[in-house]
Amino acid sequence: MPSSAMPATGRPVDGHAPLAISATRLRKSYGDKLVLDGIDLHIPAGSVFALLGPNGAGKTTAVKILSTLIAADPGSGALHVGGHDLAVDPQAVRAAIGVTGQFSAVDNLITGEENMLLMADLHHLPRREGRRVAAELLERFDLVEAASKPASTYSGGMKRRLDIAMTLVGNPRIIFLDEPTTGLDPRSRHNMWAIIRGLVADGVTVLLTTQYLEEADELADRIAVLSDGRIAAEGSAEELKRIVPGGHIRLRFTDPAAYRHAALALGEFGRHDESLSLQAPCDGSQRELRSLLDQLDAVGIEADELTVHTPDLDDVFFALTGTGTGTGTGTGSGTGTGTGTRLPDQQTKETVR
Ligand SMILES: Nc1ncnc2c1ncn2[C@@H]1O[C@H](COP(=O)(O)OP(=O)(O)OP(=O)(O)O)[C@@H](O)[C@H]1O
């Protein structure tokens, strides 16, 4: 969507969805450390937007600013959330949003239900309404059985669910989720994804930060890759994957002679002598695959293993940060490894826009 079609007011233009969050030239430094170097974010209502980056990239800082917890630096452009100007009416922004941070808001000393009722009190819900909302959310987040037990006895996944349920007590239409699945096991992570999808189906806008490439790929309509305080690339997962040439076929042999013949037939590229494997660039299309197999057939060689790798977000990240290739993680569908791929902490920047 062109940025000219995205006003900061939250109103729709040219039939586009209204913007739930809009930030221009968002800047933040801590002392002489520049954390956000003038980033732009335009997030349509009812969508999931992922801020993706390694430790220290500035994801939490962006969330803290947009949720009014800390101020942006002077010199930042306009910042609007829920149609409200952060500089003019932070109270209205607070009323429109819910925030689940990396550090849980759950009080471990009281029960899940008491935590929920406390939130209902904070939102000034009448007692009966508070009980109704708490019961509904405990049910929705599969916490009915645990509701009368102290939160200290909950697993990490249960605590995270309670945390989000508490965030929803005020029925926010915009939710910030700061690394919602960090530290969760694969099952809890998938449960959390289902919860997030449910929120979006209800029309809620979600800004989530994550270090997991797979999570952004699974959930987000749009993804911004934060690198060195700037957005190195932004787009849908598919758009981002198109900017990198990560596709290849990997052929593995057990017979060294067959390996050498295949290497000669295919033009000696992508040799890994130790593992007796060859890697040939391929866009994953039937035509390219057939052509490569025809070349092998012509010299009467059969590989013992053949895998097709299509570009995934690993490739995007490595291309954007110039840290090598993310080969070997997305074999087959190219959509991840099942447990989530975490970004490396160290990166160097290479702008690809
Ligand atoms: N209050 C603070 N004072 C000084 N430096 C800070 C402060 N808060 C954050 N930083 C620094 O700003 C940088 C960005 O931190 P931030 O927490 O926004 O990163 P992040 O992308 O959310 O990382 P993580 O995935 O580890 O949470 C880091 O280098 C961090 O050390």
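Order of appearance sets the numbers: ligands from 1, and atoms from 1 within every ligand. Below, all heavy atoms of this structure are taken into account, side chains as well, without hydrogens, waters or symmetry copies. Everything quoted here is computed from the prediction, not taken from an experiment.
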Arg132 with Glu136: basic N within carboxylate O range, under 4.0 Å:
yes
Under-4.0 Å salt bridge between Arg230 and Asp37
yes
Please write down residue, atom name and distance for the protein heavy atom closest to [atom].
| atom | value |
| --- | --- |
| atom 23 (O) of ligand 1 | Gly56 N, 2.8 Å |
| atom 16 (P) of ligand 1 | Thr61 OG1, 3.6 Å |
| atom 6 (C) of ligand 1 | Tyr30 CD1, 3.2 Å |
| atom 29 (O) of ligand 1 | Lys33 CE, 2.8 Å |
| atom 19 (O) of ligand 1 | Gly58 N, 3.2 Å |
| atom 27 (O) of ligand 1 | Gln102 NE2, 2.9 Å |
| atom 26 (O) of ligand 1 | Asn55 ND2, 2.9 Å |
| atom 22 (O) of ligand 1 | Thr60 OG1, 2.6 Å |

Quick one: does Glu179 get a heavy atom under 4.0 Å from ligand 1?
yes
May I ask whether Gly53 has any heavy atom positioned less than 4.0 angstrom from an atom of ligand 1?
no
Quick one: do Leu143 and Trp193 end up in the same hydrophobic cluster if we chain Ile, Leu, Val, Met, Phe, Trp and Tyr together by side-chain heavy atoms under 4.5 Å apart?
yes
Is there a donor-acceptor pair under 3.5 Å between the side chain of Thr209 and the backbone N or O of Lys59?
no
Give a yes or no answer on whether the side chain of Ser277 reaches the backbone of Asp273 with a donor-acceptor pair at less than 3.5 Å.
no
Establish, from distance only, whether the side-chain atoms of Glu215 and Thr181 form a donor-acceptor pair under 3.5 Å.
yes
Answer yes if the side chains of Ser76 and Arg27 hold a donor-acceptor pair under 3.5 Å, and no otherwise.
no
Identify, by atom number and element, the atoms of ligand 1 in contact range of Gln211, meaning under 4.0 Å from any of its heavy atoms.
25 (O)
Against heavy atoms of Ala57, which atoms of ligand 1 measure under 4.0 Å?
19 (O), 20 (P), 21 (O)
Find out whether the Lys NZ or Arg CZ of Arg189 is both under 6.0 angstrom from the six-membered ring centre of Tyr212 and within 45° of the ring's axis.
yes
If you scan the protein for heavy atoms around atom 31 (O) of ligand 1, do you find one that is closer than 4.0 Å?
no
Contact check, side chains of Leu306 and Ile249, non-hydrogen atoms, under 4.5 Å
yes
N/O separation below 3.5 Å, Val35 to ligand 1
no
